[in-house]
Participant: 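Could you have a look at this structure, given as structure tokens, before my questions?
In what follows, every chain begins at residue 1, and chains take the letters A, B, ... in the order their sequences are listed.
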There are 2 protein chains.
Amino acid sequence: MRMSRLLVRTLREAPADAEVASHQLLVRAGYIRRLASGIYTFLPLGHRVLERLERVVRQELDRAGCQQMLMPALHPLELWEQSGRAALFGSDALPAMVVEGRGGSFVLGPTHEEVVTVTVGAEVESYRQLPLTVYQIQVKFRDEARPRFGLLRTRELLMCDAYSFDVDTETMQASYRAVFDAYLAIFRRLELEVRPVEAESGAIGGEVNHEFMVPSAVGEDYFVACPSCDYAANVEAAERGPVADTADRGPGDGAAPEPVEHHTPGQRGIEEVLPVFAAEGLGAADLLKSMVAVDDGGRLVLVLVPGDREVLLPSGWRLFDEVDFASRPELVRGYVGPMGAQDRGLRVVADHAVRRPGAWVTGANKVDHHVSGIVLGRDFAVDEFGSFARVVAGDPCPRCAADLDVVRSVEAAHTFQLGFTYSSVMAGGTVIAPDGSEVPMAMGCYGMGVSRLLSVVAEAHHDAAGLCWPAEVAPFDVHLLALGTDRAPEVGKAADRLADELESVGLRLLYDDRDTSPGVKFADADLLGVPVRLVVGQKGLARGIVEWRDRRTGEERELDLERVVGELRPD
Amino acid sequence: MRMSRLLVRTLREAPADAEVASHQLLVRAGYIRRLASGIYTFLPLGHRVLERLERVVRQELDRAGCQQMLMPALHPLELWEQSGRAALFGSDALPAMVVEGRGGSFVLGPTHEEVVTVTVGAEVESYRQLPLTVYQIQVKFRDEARPRFGLLRTRELLMCDAYSFDVDTETMQASYRAVFDAYLAIFRRLELEVRPVEAESGAIGGEVNHEFMVPSAVGEDYFVACPSCDYAANVEAAERGPVADTADRGPGDGAAPEPVEHHTPGQRGIEEVLPVFAAEGLGAADLLKSMVAVDDGGRLVLVLVPGDREVLLPSGWRLFDEVDFASRPELVRGYVGPMGAQDRGLRVVADHAVRRPGAWVTGANKVDHHVSGIVLGRDFAVDEFGSFARVVAGDPCPRCAADLDVVRSVEAAHTFQLGFTYSSVMAGGTVIAPDGSEVPMAMGCYGMGVSRLLSVVAEAHHDAAGLCWPAEVAPFDVHLLALGTDRAPEVGKAADRLADELESVGLRLLYDDRDTSPGVKFADADLLGVPVRLVVGQKGLARGIVEWRDRRTGEERELDLERVVGELRPD
């Protein structure tokens, strides 16, 4: 491909909305262009990388025995009503768009669990047809509230979504592992250091799931990782172990003061109450957050965490809301405390940190009042200790008690052991098991944003001068520059011939034949990020050599003009 | 690929809504499944054909120097307002869907002229960057009123759309020709007998355009073709030559009767008036349709065609509607006649056939009255004769006067010389010309429904037993059947080994290793339509042979088991 014919225009300045390097560079190098907020066009260079990404994904999934298919983007709304997920539309968890057509209401598919379950379900009748894993690479739509970071969070994206179907949970786990391993193989080829972490399942559902996280200084996600064992989890799912210096404290501990009530009118939150007790030398760590929640069984629970920690509820639990409080006036919103909670029908759970010695300040269960000098065991009882606070760096690992790290990162993929979430509610989700009974299929689902990966790879592989594509996904193998062809026509002729030869052996070549200065050509080559740069110039040509340079390492060599094709020829 | 693992289920019965063979067979053979009206899933077999179709399209467009990119499916509505096409939404010409999102109103792109013009326009500043042709293979949405014929008319489709940009009309015609020729090359490889015909441009716009028609007994389109010259046009655009037996007739011709008024209360149309004159031996050919129209310059025109012909207005003209008639009460709707039309400010044009000798029956320009005995030249005058009637078989060719054929067909692609339709109204549509002036780019656009082609090819290549794919787009190269493996385990072993060998030389193999009867395997092989069938059976194996069969011709041969891989190995 001659650069004079390629639709590419490099820019000196990044667009104003480009906050991160990958976004800035993909725009500056002419890979992508914004059509609207969160909606991008892939110019020829960007499309070439997408195509290479798709190729890697397809090869690894095919190798793992998955079968490619293609499902529609328009889904009948009824399917989403059948699964119950239509109720989540408009939430950040499932920002789906619905369009009215002559054939009814259609969801612009943000994901395909419903469609694939009824589609595969209609074809599969017996366990003999299982296990089966299908996938597609297809456009998805998400009505994001705040699209950001170029291709990292968009309203329209290219996604590879896979779905596995098994007769039972055990074989489902094997199918899950096969895709999981294929994902790891994909990320190795993309030269991404990915860490699979345990995560919350959010709007997708299911029990076990993993996010594939790439550590990144610009990430919007955080995961918790143990430096000494293999524990890793999304902060939304991470647990921490018991705090080392805690011990049960009985009532009547000598150092404990007596409870004292304080008038705190209108001061409901920790931030508002803090000034009242600051004079006594107390900080957020001395306050006790008492949050009323509803557990996954619908029962009332009081959750206690120190005032300097953020509460993190187990999956399926939710906090009491305004309506709940209105129906239970004996629970004084903003002034709830754990004293006598069990007598009021509340189970009390507390984060490990609540076992620390000493007194607490907490709500007095009375409007406009807090109480200080409250002691665990004497003034309130805890039914269960556990990990109820969001993990921060330095918290103990739940497996080995080492100090945990919190790592900023971007999500590159997400896999879910769905189990029976969809197969038990969607039409046709069952098969005949070996014993002749009809059972719902055990499903897994697996999502990887292919267009997102373009940004993830660019974010992981760039330097100050531009992009540095890994060979597997680079838009071209070789970038050939012809320098000073206006003064030295023999350079143009030699470069033309070399270009033909390089292409004839199957190399994907970008040939900068433009009538511009060496400085512009060098800068553009660095910006575009093709792995290998070759330069044909007047001086080198006189000596019969071509300059070879590795974009990423900067390593340079002189190659014999007559032997360069042989040296670069792909295997 | 082992058939026991492939997601395919063949059906004995076609679905009730499948009217045409391609639709019936694609469903019965497990290539596609309907999710909703006009919305299909491509199962693994269907996806494999789609992929092969895309490959052919890409190779030929790349060879023609086009560059692939990828534009979004979500288009800001403003762009369509800028071009003026938003006004056509909801019409059959442009059945676009609009969705409301957090970022505003978005059109689900049915085509991409607006988006590509602003996108390419922003990158291209000078004629030096032209000519340029870009294309994409991407999902499109059309809110069809009546989806039909499987993939032939759908609400969601995979389309290859290309767009050319040139500095002037002359080079645009060269770019147009290059894509036109690439299309012909694509259709040759798909073994489709395609005829490019002149057509109406409809909602796309522009002057010259061609439809690529495949003759088909189930087509929804008709084109007119001359058997003796190369004239071919869509019936919507076809013209006919002057009728042979016509001659100018002056007033006062001896045979002409005097005008006689007839009371025809409420009988406005030809069908309603006919019975009145049937008693006098007059038929539809004796009646003169007088249709009031507005030409492309906004002027009133009276269009005359014989009562047995359908009027066909030139491009850009439209018929008078109810509102128009209400504003011009002197034009009596349903009773308009050509007498004195020029005095009332109407230009009169007539189809060639109106020059035939003899009298006419026409409206009396008076409510509830017709008049007979009206003669051209004596009672009314025609300002211009031309081709104003829809062509029927046997009409004279406008170029060579031979009898025209009318051919039923399906449209496989459509190409347009757009000219300045979009570049003159969309932002950034101009470039600097060699003389330094700023000129709108001369554009072409080119559309080919890739998913539609799956049906077009299936419709052209099938027989009573099933599909017969051309090698270029077949889902597999070879379909290997192992017969009677339950009784003869050596057959299974030999077939397993042969399968490995065939795959190792790069053949795309479907291996029927299922535990089913020979009859089922033969029937499924015929239905699926892989070009070459190989059979390993007990008797043949004993003689060291494999049975080879060409799916399309039915030709059969015995191949030496040891040499079959060498014979089938791809070049």
Participant: Begin with the C-alpha distance, continue with both residues' side-chain angles, and end with the deciding distance and a verdict on side chain to side chain contact (heavy atoms under 4.5 Å, CB included) for A:F106 and B:I39.
Facilitator: CA-CA 11 Å; A:F106 295 98; B:I39 300 176; 3.4 Å; yes
Participant: Side chain from CB out, backbone as N, CA, C, O: work out which of these in B:P95 comes under 4.5 Å of a heavy atom of chain A, or both, or neither.
Facilitator: side chain
Participant: Report which part of B:V98 has an atom under 4.5 Å of a heavy atom belonging to chain A: side chain, backbone, both, or neither.
Facilitator: backbone
Participant: Could you tell me which portion of A:L6 (side chain, backbone, both or neither) has an atom closer than 4.5 angstrom to a non-hydrogen atom of chain B?
Facilitator: both
Participant: Between B:M69, B:M97, B:M71, which residue shows the highest count of heavy-atom pairs closer than 4.5 Å to chain A?
Facilitator: B:M69
Participant: Verify side chain to side chain contact (heavy atoms under 4.5 Å, CB included) between A:L43 and B:V134, making sure each step is shown before the conclusion.
Facilitator: CA-CA 9 Å; A:L43 292 178; B:V134 296; over 6 Å; no
Participant: B:L35 vs A:L74, test: side chain to side chain contact (heavy atoms under 4.5 Å, CB included). Steps then yes/no.
Facilitator: CA-CA 9 Å; B:L35 181 65; A:L74 294 177; over 6 Å; no
Participant: Out of A:G46, A:P72, A:P147, A:A145, return the one with the most heavy atom pairs under 4.5 angstrom to chain B.
Facilitator: A:P72
Participant: Looking at chain B, which one of A:G101, A:A73, A:P76 has the largest number of heavy-atom pairs inside 4.5 Å, strictly under?
Facilitator: A:A73
Participant: Would you list the atom pairs in which one atom of chain A and one of chain B form a donor-acceptor pair under 3.5 Å?
Facilitator:
unit_1	atom_1	unit_2	atom_2	d
A:R5	O	B:Q67	NE2	2.5
A:R5	NH2	B:L130	O	3.3
A:R5	NH2	B:P131	O	2.9
A:L7	N	B:Q67	OE1	2.9
A:R9	NE	B:E123	OE1	3.2
A:R9	NH2	B:A122	O	3.3
A:R33	NE	B:E123	OE1	3.4
A:R33	NE	B:E123	OE2	2.6
A:R33	NH2	B:E123	OE1	3.1
A:F42	N	B:L70	O	2.7
A:F42	O	B:L70	N	2.9
A:H47	NE2	B:Q68	NE2	3.3
A:Q67	OE1	B:L7	N	2.9
A:Q67	NE2	B:R5	O	2.5
A:Q68	NE2	B:H47	NE2	3.3
A:L70	N	B:F42	O	2.9
A:L70	O	B:F42	N	2.7
A:A73	N	B:E156	OE1	3.0
A:A73	N	B:E156	OE2	2.6
A:L74	N	B:E156	OE1	2.9
A:G90	O	B:R102	NH2	3.2
A:R102	N	B:D143	OD1	2.9
A:R102	N	B:D143	OD2	3.0
A:R102	NH1	B:D143	O	2.9
A:R102	NH2	B:G90	O	3.2
A:A122	O	B:R9	NH2	3.3
A:E123	OE1	B:R9	NE	3.2
A:E123	OE1	B:R33	NE	3.4
A:E123	OE1	B:R33	NH2	3.1
A:E123	OE2	B:R33	NE	2.6
A:L130	O	B:R5	NH2	3.3
A:P131	O	B:R5	NH2	2.9
A:D143	O	B:R102	NH1	2.9
A:D143	OD1	B:R102	N	2.9
A:D143	OD2	B:R102	N	3.0
A:E156	OE1	B:A73	N	3.0
A:E156	OE1	B:L74	N	2.9
A:E156	OE2	B:A73	N	2.6

Participant: Counting only heavy atoms closer than 4.5 Å, note whether B:I32 contacts chain A via side chain, backbone, both or neither.
Facilitator: neither
Participant: Under a 4.5 Å heavy-atom cutoff, which of B:L79, B:V115, B:V99, B:V139 has the most pairs with chain A?
Facilitator: B:V99
